[in-house]
Amino acid sequence: QSQLVESGGGLVQPGGSLTLSCAASGFTIDLYAIGWFRQVPGKEREVVSCISSPGDFRDYADSVKGRFTISRDNAKNTAHLQMNSLKPEDTAVYYCAATLFGGDWCAGNMEFDYWGQGTQVTVSS
């Protein structure tokens, strides 16, 4: 019954902002590293950001550094991705994932145990 559900996607103009949410059920998100990924049809999935557990180390793809912020809200068992200054090239399906890695660091090439179904983000004028 463990699962992740993304929400918050939609259509936004270039320069706008969106906050994506990743709600966990069946496990405690506080104990898991969380990754955000995105994928465009016909392209490879790419890592956007991750946050570790323990330590809350954060890492970002160069393409989003300074614009996106990853966080977790343990009280609500939910992770978030705040996206600012959005560009058309940010258009993709965004996925969250979780892993019980346990290190005080994270990286997009870790093997993640749980994946959400994705939420569409479209940046267009």
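Computed from heavy atoms alone, side chains included, the values below leave out hydrogens, waters and symmetry copies.
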Would you say the side-chain atoms of S2 pair up with the backbone N or O of G26, donor to acceptor, closer than 3.5 Å? yes

Test F112 against F37 for ring-ring contact (aromatic ring centres under 6.0 Å, His included), laying out the working first. CA-CA 11 Å; F112 288 85; F37 301 81; 5.3 Å; yes

Are a donor atom and an acceptor atom from the side chains of S71 and H80 found within less than 3.5 Å of each other? no

Is there a donor-acceptor pair closer than 3.5 Å between any side-chain N or O of N77 and the backbone N or O of I29? yes

Please answer whether the main-chain N or O of V48 pairs with a side-chain N or O of Y94 as donor and acceptor at a distance below 3.5 Å. no

If hydrophobic clusters are built from ILVMFWY residues whose side chains come within less than 4.5 Å, do L81 and W115 share one? no

Quick one: does T28's side chain have a donor or acceptor within less than 3.5 Å of a partner on D30's backbone? no

Verify side-chain contact (heavy atoms from CB on, under 4.5 Å) between T119 and L20, making sure each step is shown before the conclusion. CA-CA 8 Å; T119 185; L20 305 183; 4.0 Å; yes

Main chain of E6, side chain of Q117: is a donor-acceptor contact present, judged purely on distance under 3.5 Å? no

Given the rule that I, L, V, M, F, W and Y join up when any side-chain heavy atoms are under 4.5 Å apart, are V47 and L86 in one cluster? no

Decide whether Q13 and S125 meet the rule of one side-chain donor and one side-chain acceptor closer than 3.5 Å. no

Steps toward salt bridge (charged side-chain N to carboxylate O under 4.0 Å, His left out) verdict (K65, D62): CA-CA 5 Å; K65 194 170 298 181; D62 289 341; 3.3 Å; yes

List the atom of C22, the atom of L4, and the distance in Å for their closest heavy-atom pair. SG-CD2, 3.8 Å

Among all residues two or more places apart in sequence or in another chain, which pass the side-chain hydrogen bond (donor to acceptor under 3.5 Å, both in side chains) test with D56? R72

Using atom types as modelled and distance alone, determine if a side-chain donor or acceptor of T91 lies under 3.5 Å from a backbone N or O of V123. yes

Show your working on side-chain contact (heavy atoms from CB on, under 4.5 Å) between R38 and V93 and close with a plain yes or no. CA-CA 5 Å; R38 65 188 183 188; V93 177; over 6 Å; no

Give a yes or no on whether the backbone of F57 and the side-chain of S52 come within a donor-acceptor separation of less than 3.5 Å. yes

Kindly work out whether a path of hydrophobic side-chain contacts (I/L/V/M/F/W/Y, heavy atoms less than 4.5 Å apart) joins M110 to Y95. yes

For W36 and F68, what are the C-alpha separation, side-chain angles and deciding distance, and is it a ring-ring contact (aromatic ring centres under 6.0 Å, His included)? CA-CA 11 Å; W36 282 98; F68 290 12; 9.8 Å; no

Say you draw a straight line from OG1 of T69 to OH of Y60; how long is it, rounded to the nearest 0.5 Å? 4.5 Å

So, T99 side chain and E111 main chain: donor-acceptor pair closer than 3.5 Å or not? yes

Side chains of S17 and N84: any donor to acceptor distance under 3.5 Å? yes

Value rounded to 0.5 Å, distance of CG in L100 from OH in Y114: 8.5 Å

Can you name the nearest heavy-atom pair linking P54 to G102, along with the distance? CD-O, 3.0 Å

Test D59 against W105 for side-chain contact (heavy atoms from CB on, under 4.5 Å), laying out the working first. CA-CA 9 Å; D59 198 17; W105 59 276; over 6 Å; no

Could you tell me whether a side-chain N or O of D90 sits under 3.5 Å from a main-chain N or O of K87, the two making a donor and an acceptor? yes

Do the side chains of L11 and L18 join up, straight or via other hydrophobic residues, at under 4.5 Å, putting them in one cluster? no

In this structure, are over 12 heavy atoms from other groups packed under 6.0 Å from E46 atom CD? yes

Could you pull out the closest heavy-atom pair between I70 and I34, with the gap in Å? CD1-O, 3.8 Å

Would you say R67's side chain and S85's backbone share a donor-acceptor pair under 3.5 angstrom? yes

